[in-house]
Amino acid sequence: MSALEPIYLTDLGRSLPQIALSSERRKYHWQVVPYETQEFSGNMLIAGPETEAPPVTIPLGVSGWHRIYLGLWSNWTEELVRVRLTGDSSFVKVNREREPGTFADNYSLDERYWKTADLTSQDLVLGQQSAGMSQPAYFAYIKLVPLDDAQVEKLHSDRADADHKRLICMNDGFSDFARFRPTSRDEIWEYLEPFRDTDFGKMFWCPGAGGDVLTYPSAIGNLTGSKTRDFPRVGDRYIAESMQILAGAGIDTIETVVEHGHSFGLEIHISQRMEAFQCCPPFEDYFTGDFYAQHPEWRCVDLDGREIARMSYAFPEVRELVLAVFRELATRYDIDGVNPIYNRGAPFLLYEAPLVEGFRQETGLDARELAEDDGRYLRYRAGVMTEFMADLRREMEEIGKARGRPLEISAHVLNNAASNLFYGLDVPAWVEQGLIDNLISYPWRDEEIDVNYFGQLTAGSPVQYYPEIMPRTMPPEDFRVRALQYYAAGADGLCFWDTNGRHQRLKEWSMIRRLGHRDRLESWDDGDGQLFRTVPLRSVGGYVLDKYPPHWAY
């Protein structure tokens with residue numbers, strides 16, 4: 001940490017324009033509320049979920065490089081604030097950590113490291129999340145810690161070291177639209193901005209729920225929500241409205257993501273859930289596309305003859321539809337790769353007629369008379385999925401040659417050898433035949449990943465191995481320990497499912513964002529006291545909180 005003294009900006013009543021502030025709770029205004037801690041006092045800014053307070057600028061009045069910390073509060077509410085520097089391209093979203101089903105501590109402020117930046121001629125802009133599922137906002141103070149010349153030089157050297165870019169972030173391209181209803185490019189940029197100057201080198205972005213229901217102007221499928229008249233959830237309506245407004249404004253979501261990610265060196269790989277063709281009521285007209293509805297003859301059939309709500313990859317037409325979506329995305333956009341997601345929606349094929357008959361011709365056996373885990377049939381039907389992966393590799397290689405830059409294939413698979421084979425995924429064959437560049441294992445059905453198996457499988461091969469780090473929320477120290485274990489088992493990097501639900505939790509993010517520093521993790525602590533801390537409150541709005549607080553009455 002810097003030896004220079006930190007600067008506390010605690011009087012947010014100085015924010016501009018002053019007309020946007022009020023000492024009382026008023027619509028379209030930030031309420032200025034005095035507070036005291038054991039260390040300092042000041043004025044925080046508060047807005048309720050329906051306030052629709054406008055962005056305000058907080059003068060910083062400093063020059064040079066500083067570490068920036070944010071002081072956050074909330075009081076029996078969820079909360080979310082949007083912050084950016086005046087020179088930033090977009091806001092980022094920040095909230096307090098809490099245990100599921102609970103509220104954060106009413107009696108303290110959370111101080112959280114945000115980022116390090118040159119603050120010359122810059123101020124901080126505070127915004128409220130009013131679009132979509134609006135959120136209350138509480139913002140108490142800013143702490144700035146100056147850097148000396150040696151620290152600035154070290155920072156630049158670290159950011160220039162590409163060896164740290166070992167992390168992959170995952171955004172489903174769906175939930176953020178459901179929560180925040182973006183209608184502009186800069187609102188979409190907010191989903192990428194947190195990864196700037198971090199150890200994340202790749203983003204996996206989903207172009208829709210899956211199948212042929214998509215979030216970009218596709219010649220193959222339909223725009224998400226375009227055929228729904230009565231939405232199953234409010235968030236589903238927000239997505240549909242967002243898609244329609246963006247399309248009407250000529251804003252292509254995938255193009256926006258690719259361009260902004262590339263602007264600061266983040267690779268963009270397009271993910272697709274390999275069995276998200278359908279869902280049951282009340283989602284049948286929202287998630288289910290035309291392809292599933294029009295082709296019941298290509299659906300999966302279980303051992304007992306019952307139809308399963310899946311499209312079977314035993315049929316060439318199904319494989320071609322999925323290939324066509326990847327092909328369209330890879331030819332239309334300057335993406336860096338594709339990511340078939342197999343950890344959602346298994347199985348991909350079962351006992352369909354082409355499989356049963358083909359197995360009979362090859363072995364003389366009826367697959368339906370064997371145990372479900374009979375290795376002979378499992379290996380046979382896995383060959384179909386390997387053939388699909390080989391077709392995908394050929395497609396991507398041809399497109400890559402045509403544009404003069406290769407396209408990577410990154411496969412999300414299940415947690416161990418047995419689970420993968422049971423569901424038709426012969427991962428060793430994919431590695432041996434060079435059908436994938438990156439392998440990502442996922443804790444299927446919340447079972448532990450056999451990291452040693454995957455580490456040994458990819459060792460000595462060109463395939464890079466990235467286990468998923470789950471659960472989504474853990475103390476910073478648990479993230480560090482898990483990362484060390486995975487690296488020791490042979491991981492080349494780490495992947496984070498639903499990263500868009502993680503980066504606003506700055507206490508955890510202070511560790512996650514730097515887990516690509518594989519060779520330094522052993523010597524780190526969890527960051528408590530340096531990257532995050534708790535500041536006890538004495539009073540808020542003139543009400544004593546550290547003894548006999550008003551909350552006791554409720």
Novice: Do other residues, nucleotides or ligands put more than 12 heavy atoms under 6.0 Å from the CD atom of E99?
Specialist: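 Not more than 12 within 6.0 Å, no.
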
Novice: Is any NZ, NE, NH1 or NH2 atom of the basic residue among D334 and R403 found under 4.0 Å from an Asp or Glu carboxylate oxygen of the other?
Specialist: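 R403 and D334: salt-bridged.
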
Novice: My understanding is that only residues two or more places apart in sequence, or in another chain, count here; which of them pass ring pair (Phe, Tyr, Trp, His ring centres under 6.0 Å) with F287?
Specialist: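 F287 satisfies ring pair (Phe, Tyr, Trp, His ring centres under 6.0 Å) with F174, F283 once adjacent residues are dropped.
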
Novice: Can you list everything that forms a ring pair (Phe, Tyr, Trp, His ring centres under 6.0 Å) with Y486? Sequence neighbours excluded, please.
Specialist: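 Y486 satisfies ring pair (Phe, Tyr, Trp, His ring centres under 6.0 Å) with no other residue.
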
Novice: Using a strict 4.0 Å threshold on nitrogen-to-oxygen distance, state whether E79 and R96 make a salt bridge.
Specialist: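 A salt bridge is absent here (no side-chain N lies under 4.0 Å from a carboxylate O).
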
Novice: One pair to check against side-chain contact (heavy atoms from CB on, under 4.5 Å): R376 and T363. What are the steps and the verdict?
Specialist: CA-CA 9 Å; R376 291 169 294 181; T363 66; 5.9 Å; no

Novice: Do the rings of F315 and W298 sit parallel, tilted or perpendicular, given the 30° and 60° boundaries?
Specialist: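 Plane angle between 30° and 60°, so tilted.
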
Novice: Could you walk me through whether R319 and V384 pass the side-chain contact (heavy atoms from CB on, under 4.5 Å) check?
Specialist: CA-CA 10 Å; R319 301 197 296 271; V384 175; 3.7 Å; yes

Novice: Does a side chain donor of either N415 or S419 reach within less than 3.5 Å of an acceptor in the other side chain?
Specialist: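 Side chains of N415 and S419: pair found under 3.5 Å.
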
Novice: Pair W524, F479 - check ring-ring contact (aromatic ring centres under 6.0 Å, His included), show working.
Specialist: CA-CA 12 Å; W524 288 352; F479 278 107; over 10 Å; no

Novice: Please, which pairs that meet salt bridge (Lys or Arg N to Asp or Glu O under 4.0 Å) have at least one residue in residues 251-277, sequence neighbours excluded?
Specialist: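 Counting only pairs at least two positions apart or across chains, the salt bridge (Lys or Arg N to Asp or Glu O under 4.0 Å) contacts touching residues 251-277 are K202-E267.
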
Novice: Does L439 reach the side chain of W430, with side-chain heavy atoms less than 4.5 Å apart?
Specialist: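 No; the side chains remain at least 4.5 Å from each other.
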
Novice: Any idea which heavy atoms bring E408 and D437 closest together, and the distance?
Specialist: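 The answer is CA-OD2, 3.2 Å.
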
Novice: Going by heavy atoms in the side chains, are M474 and I469 under 4.5 Å from each other?
Specialist: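 Counting from C-beta outward, M474 and I469 do come under 4.5 Å.
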
Novice: Among all residues two or more places apart in sequence or in another chain, which pass the side chain to side chain contact (heavy atoms under 4.5 Å, CB included) test with D366?
Specialist: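 For D366, the residues satisfying side chain to side chain contact (heavy atoms under 4.5 Å, CB included) (neighbours in sequence not counted) are V356, R360, R368, E369.
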
Novice: Angle between ring planes, F291 versus F277, binned at 30° and 60°: parallel, tilted or perpendicular?
Specialist: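 Aromatic pair F291/F277 classed tilted.
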
Novice: Do the side chains of R112 and V94 get nearer than 4.5 Å, heavy atoms only?
Specialist: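 Sidechains of R112 and V94: no contact.
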
Novice: For H412 and N339, run side-chain contact (heavy atoms from CB on, under 4.5 Å): C-alpha distance rounded to whole Å, both residues' side-chain angles, the deciding distance at 0.1 Å, then the answer.
Specialist: CA-CA 7 Å; H412 260 90; N339 169 223; 3.3 Å; yes

Novice: On a heavy-atom basis, which atom in L494 and which in L515 lie closest, and how many Å separate them?
Specialist: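 Closest heavy-atom pair between L494 and L515: CD1-CB, 4.0 Å.
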
Novice: Indicate yes or no: does R159 engage D197 in a salt bridge with an N to O separation below 4.0 Å.
Specialist: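 Looking at D197 together with R159, the answer is yes, because their closest N to O distance falls below 4.0 Å.
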
Novice: Could you work out, with side chain to side chain donor-acceptor pair (under 3.5 Å) as the rule, every residue matching T224, not counting sequence neighbours?
Specialist: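 Checked T224 against side chain to side chain donor-acceptor pair (under 3.5 Å); zero matches.
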
Novice: Flag yes if more than 12 heavy atoms outside E522 fall under 6.0 Å of its CD atom; otherwise flag no.
Specialist: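 Counting neighbours around CD of E522, 12 or fewer heavy atoms of other residues, nucleotides or ligands fall under 6.0 Å, so no.
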
Novice: Between W114 and V92, is any pair of side-chain heavy atoms under 4.5 Å apart?
Specialist: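 Yes, their side chains come closer than 4.5 Å.
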
Novice: Which heavy-atom pair separates S89 from E193 by the least distance, and what is that distance?
Specialist: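 Distance-wise, the nearest heavy atoms are OG-OE1, 3.1 Å.
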
Novice: Taking atom CZ of R520 and atom NE2 of H164, what is their separation to the nearest 0.5 Å?
Specialist: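 So the CZ of R520 and the NE2 of H164 are separated by 4.5 Å.
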
Novice: Are L323 and L392 close enough that some pair of their side-chain heavy atoms sits under 4.5 Å apart?
Specialist: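 L323 vs L392: side chains touch.
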
Novice: Drop me the distance from N343's CG to M274's CE, to the nearest 0.5 angstrom.
Specialist: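 Going from CG on N343 over to CE on M274, the span is 11.5 Å.
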
Novice: By the side chain to side chain donor-acceptor pair (under 3.5 Å) test, which pairs, at least two apart or in different chains, include something from residues 204-215?
Specialist: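 Passing the test, one end in residues 204-215: no pairs.
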
Novice: Check ring pair (Phe, Tyr, Trp, His ring centres under 6.0 Å) between H262 and all other residues, then give those that pass, not counting sequence neighbours.
Specialist: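 Applying ring pair (Phe, Tyr, Trp, His ring centres under 6.0 Å) to H262 gives none.
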
Novice: Are more than 12 heavy atoms, taken from residues, nucleotides or ligands other than D446, located less than 6.0 Å from that residue's CG atom?
Specialist: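 Counting neighbours around CG of D446, 12 or fewer heavy atoms of other residues, nucleotides or ligands fall under 6.0 Å, so no.
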
Novice: Distance alone, cut at 3.5 Å: any donor-acceptor contact between the side chains of N95 and E78?
Specialist: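 No donor-acceptor contact under 3.5 Å links the two side chains.
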
Novice: With a 4.5 Å heavy-atom cut-off, do F454 and P467 have their side chains touching?
Specialist: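 Heavy-atom side-chain distance check fails, nothing below 4.5 Å.
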
Novice: With distance as the sole test, does S242 use its side chain to make a donor-acceptor pair with the main-chain N or O of I239 at under 3.5 Å?
Specialist: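 No; judged by distance alone, with no hydrogens or angles, the pair does not exist.
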
Novice: Salt bridge or not between D158 and R514? Use side-chain N to carboxylate O under 4.0 Å.
Specialist: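 Judged by the 4.0 Å cut-off on N to carboxylate O distance, D158 and R514 do not form a salt bridge.
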
Novice: Please report the shortest heavy-atom distance between L421 and A382, naming the atom on each side.
Specialist: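 That would be CD1-CB, 4.1 Å.
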
Novice: Walk me through whether R299 and R310 qualify under side-chain contact (heavy atoms from CB on, under 4.5 Å).
Specialist: CA-CA 5 Å; R299 296 174 187 169; R310 304 287 192 279; over 6 Å; no

Novice: Around E432, counting heavy atoms of other residues, nucleotides and ligands shown, do more than 12 lie under 6.0 Å from its CD?
Specialist: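 Incorrect, the count does not exceed 12.
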
Novice: Tell me whether E97 is salt-bridged to K507, with the criterion being a basic N under 4.0 Å from an acidic carboxylate O.
Specialist: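 Looking at K507 together with E97, the answer is no, because their closest N to O distance does not fall below 4.0 Å.
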
Novice: In chain order, what residues pass the side chain to side chain donor-acceptor pair (under 3.5 Å) check against R166, with sequence neighbours excluded?
Specialist: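 Testing R166 for side chain to side chain donor-acceptor pair (under 3.5 Å), a comparison that skips the adjacent residues, returns D163.
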
Novice: If only side-chain N and O atoms count, and only distance matters, is there a donor-acceptor pair under 3.5 Å linking E328 with S218?
Specialist: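 Distance-only check passes for S218 and E328.
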
Novice: What are the two closest non-hydrogen atoms of L246 and S184, and how far apart are they?
Specialist: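 So the two residues come closest at CD2-N, 3.6 Å.
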
Novice: Any idea which heavy atoms bring L521 and R480 closest together, and the distance?
Specialist: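 Of all heavy-atom pairs spanning L521 and R480, the closest is O-NH1, 2.7 Å.
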
Novice: Can you tell whether the side chains of R482 and E468 come within less than 4.0 Å, N to carboxylate O?
Specialist: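 Result for this pair is no, no salt bridge flagged.
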
Novice: Could you work out, with side chain to side chain contact (heavy atoms under 4.5 Å, CB included) as the rule, every residue matching V301, not counting sequence neighbours?
Specialist: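 Result, side chain to side chain contact (heavy atoms under 4.5 Å, CB included) vs V301: E352.
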
Novice: Going by the angle between their ring planes, with limits at 30° and 60°, are H260 and F264 parallel, tilted or perpendicular?
Specialist: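 Geometry flag for F264 against H260: perpendicular rings.
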
Novice: Please determine whether a side-chain nitrogen of the Lys or Arg among R394 and E397 lies less than 4.0 Å from a carboxylate oxygen of the Asp or Glu.
Specialist: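 Salt bridge absent between R394 and E397.
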
Novice: Is there a side-chain contact between L355 and Y377, using heavy atoms and a 4.5 Å cut-off?
Specialist: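 The answer is yes, as the side chains (C-beta and beyond) meet within the 4.5 Å cut-off.
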
Novice: Taking the six-membered ring of Y286, is NZ or CZ of R237 closer than 6.0 Å to its centre and within 45° of its axis?
Specialist: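 Here R237 fails the 6.0 Å and 45° test against Y286.
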
Novice: Stepwise, does the side chain to side chain donor-acceptor pair (under 3.5 Å) test hold for S175 with N500?
Specialist: CA-CA 9 Å; S175 54; N500 50 308; 3.1 Å; yes

Novice: List for me each residue that meets ring pair (Phe, Tyr, Trp, His ring centres under 6.0 Å) alongside W444, sequence neighbours excluded, and say none if there are none.
Specialist: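 Y423.
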
Novice: Which residues satisfy the side chain to side chain donor-acceptor pair (under 3.5 Å) test with D519, sequence neighbours excluded?
Specialist: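 So D519 forms no side chain to side chain donor-acceptor pair (under 3.5 Å) with any residue.
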
Novice: Regarding R518 and the six-membered ring of Y487, is the cationic atom NZ or CZ under 6.0 Å from the ring centre and inside 45° of its axis?
Specialist: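 Yes; both conditions hold, so R518 lies above the ring face of Y487.
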
Novice: Taking the six-membered ring for Trp, are the ring centroids of F496 and F200 within less than 6.0 Å of each other?
Specialist: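 Yes, they do, as the ring centres are separated by less than 6.0 Å.
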
Novice: Under the rule for side chain to side chain donor-acceptor pair (under 3.5 Å), what residues qualify as partners of R502, not counting sequence neighbours?
Specialist: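 Expected list: none.
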
Novice: Look at atom CZ of R306 and say whether more than 12 heavy atoms of other residues, nucleotides or ligands are closer to it than 6.0 Å.
Specialist: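 For R306, atom CZ is not crowded (no more than 12 foreign heavy atoms under 6.0 Å).
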
